[in-house]
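Beneath this line is the structure, given in structure tokens, with notes to follow.
Everything numeric in this text was worked out from a predicted model, so none of it was measured. Residue numbers count from 1 along this sequence. Just so you know, ligand 1 is whichever comes first in the structure, and atom 1 is the first atom listed for that ligand.
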Amino acid sequence: MTPFTVFYCDAARAGQWLDDARLLALVRFGEPASTEPDLRVGAVALAELGGAETVEVWLGARPARTGVRDGIRHASDGEVLFLQLDLDEYAPDALQPLTAVAYRRLFATARALGYPHFLRIWNYFPQINRECEGLERYRAFCAGRHQALVAELAEFETRLPAASAIGTCGPGLQLYALAAKEPAVQIENPRQVSAFHYPRQYGRRSPSFSRAVLKAWGEGREHLYISGTASIVGHASRHRDLLPQLDETLANLEALLAEANRRAAAPLELALLKIYVRPDLDPAPWRDRIAQAFGTGVPMLFLRADICRRELLIEIEGLATGSAARHSRDTAS
Ligand code: 3EB
């Protein structure tokens with residue numbers, strides 16, 4: 001069966017997808033949290049670079065079932081479940097308990113709907129590097145997430161979802177997630193210490209995520225959900241300037257793809273990249289550099305964002321896909 005797809009589209013053409021019964025989620029950027037009545041629509045307060053207005057479209061394989069449970073908007077096509085939770089922050093120093101409860105709610109809802117295996121989670125909240133009561137908000141977030149995942153996951157270090165944790169212009173904690181009925185395969189990066197093994201200098205509770213998750217959807221079709229990837233080698237941040245950080249990030253992505261390819265049924269190809277960048281610079285040279293590494297055909301979305309370590313300037317996440325059926329056809333002909 002063909003799995004769901006995700007792609008970028010000009011915001012001016014979003015209407016056609018909102019009319020499509022298969023739509024699982026449509027994410028707008030640059031706007032504060034959504035007041036849309038359509039529960040499939042989310043909005044992340046991150047400005048897009050380059051003047052375009054792009055939306056991210058998640059399209060199921062067949063008409064979606066949608067609903068709201070415990071404040072969590074959800075849509076499924078029978079194979080995958082997309083979840084969205086937007087929460088007010090009742091106090092800036094309460095991010096840890098807020099995150100822990102939000103994760104418990106996500107797991108309870110996904111499980112109740114029959115999709116207990118989380119593949120990928122996006123975490124968006126404002127002032128990610130701000131200290132509150134002596135604790136950086138990213139670390140408070142990590143502590144809350146860790147608390148919830150230790151309680152929810154039977155195998156903590158082998159079933160962690162892929163993730164991104166990004167600082168927005170806020171307000172509020174936003175969690176978007178993909179969940180499945182059957183588990184997937186966790187992939188770690190040989191160039192990097194697993195985030196869940198980072199030493200204590202990065203926080204009392206380690207960031208609980210995997211570098212990527214490889215999911216087989218049947219008939220040889222696979223998705224690789226790639227976590228936010230930055231200029232980190234081992235556990236240390238590398239380079240002060242943007243371009244060396246970009247090159248290190250690209251090397252990390254290449255190593256991660258190679259590692260995933262050792263486990264994949266057919267070669268994985270990048271299908272989509274999302275690039276979070278801190279400074280307000282012209283993205284043209286980065287686009288060229290990324291295109292050099294991965295080809296000009298990969299759609300890219302550039303968003304201005306805060307990254308979870310103060311010294312990091314860029315972070316790249318994405319999706320790679322593979323098809324064993326297509327591959328065997330290609331190599332046979
Ligand atoms: C890193 O590799 C960079 O806490 O969910 C990347 C992706 C990062 C996800 C998260 C953090 C997270 O540690 C930061």
**Message:** Does the plane of the ring in Y176 sit parallel, tilted or perpendicular to the ring in F82? Use 30° and 60° as the thresholds.
**Reply:**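 Ring orientation of Y176 relative to F82: tilted.
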Give me the pairs of N or O atoms, one from ligand 1 and one from the protein, that sit under 3.5 Å apart.
from, atom 1, to, atom 2, distance (Å)
ligand 1, 2 (O), Y198, OH, 3.2
ligand 1, 2 (O), R211, NH1, 2.8
ligand 1, 4 (O), Y138, OH, 2.5
ligand 1, 4 (O), R145, NH2, 2.7
ligand 1, 5 (O), R145, NH1, 2.7
ligand 1, 5 (O), R145, NH2, 3.3
ligand 1, 13 (O), Y198, OH, 2.7

**Prompt:** In chain order, what residues pass the salt bridge (Lys or Arg N to Asp or Glu O under 4.0 Å) check against R200, with sequence neighbours excluded?
**Reply:**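 Testing R200 for salt bridge (Lys or Arg N to Asp or Glu O under 4.0 Å), a comparison that skips the adjacent residues, returns none.
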**Request:** Would you mind listing the cluster partners of V68? Hydrophobic ones only (ILVMFWY), side-chain contacts under 4.5 Å, chaining allowed.
**Result:**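 In the cluster with V68 are L39.
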**Message:** Does the Lys NZ or Arg CZ of R309 fall within the cation-pi geometry relative to Y202 - under 6.0 Å from the ring centre and within 45° of the axis?
**Reply:**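 Yes, cation above the ring, under 6.0 Å and within 45°.
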**Request:** Using the test side chain to side chain contact (heavy atoms under 4.5 Å, CB included), find all partners of A91 that sit at least two apart in sequence or belong to another chain.
**Result:**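 A91: side chain to side chain contact (heavy atoms under 4.5 Å, CB included) contacts with D93, A94.
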**Item:** Distance-only polar pair, side chains of R191 and N252, donor-acceptor under 3.5 Å
**Value:**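 Yes, N252 and R191 have a side-chain donor paired with an acceptor closer than 3.5 Å.
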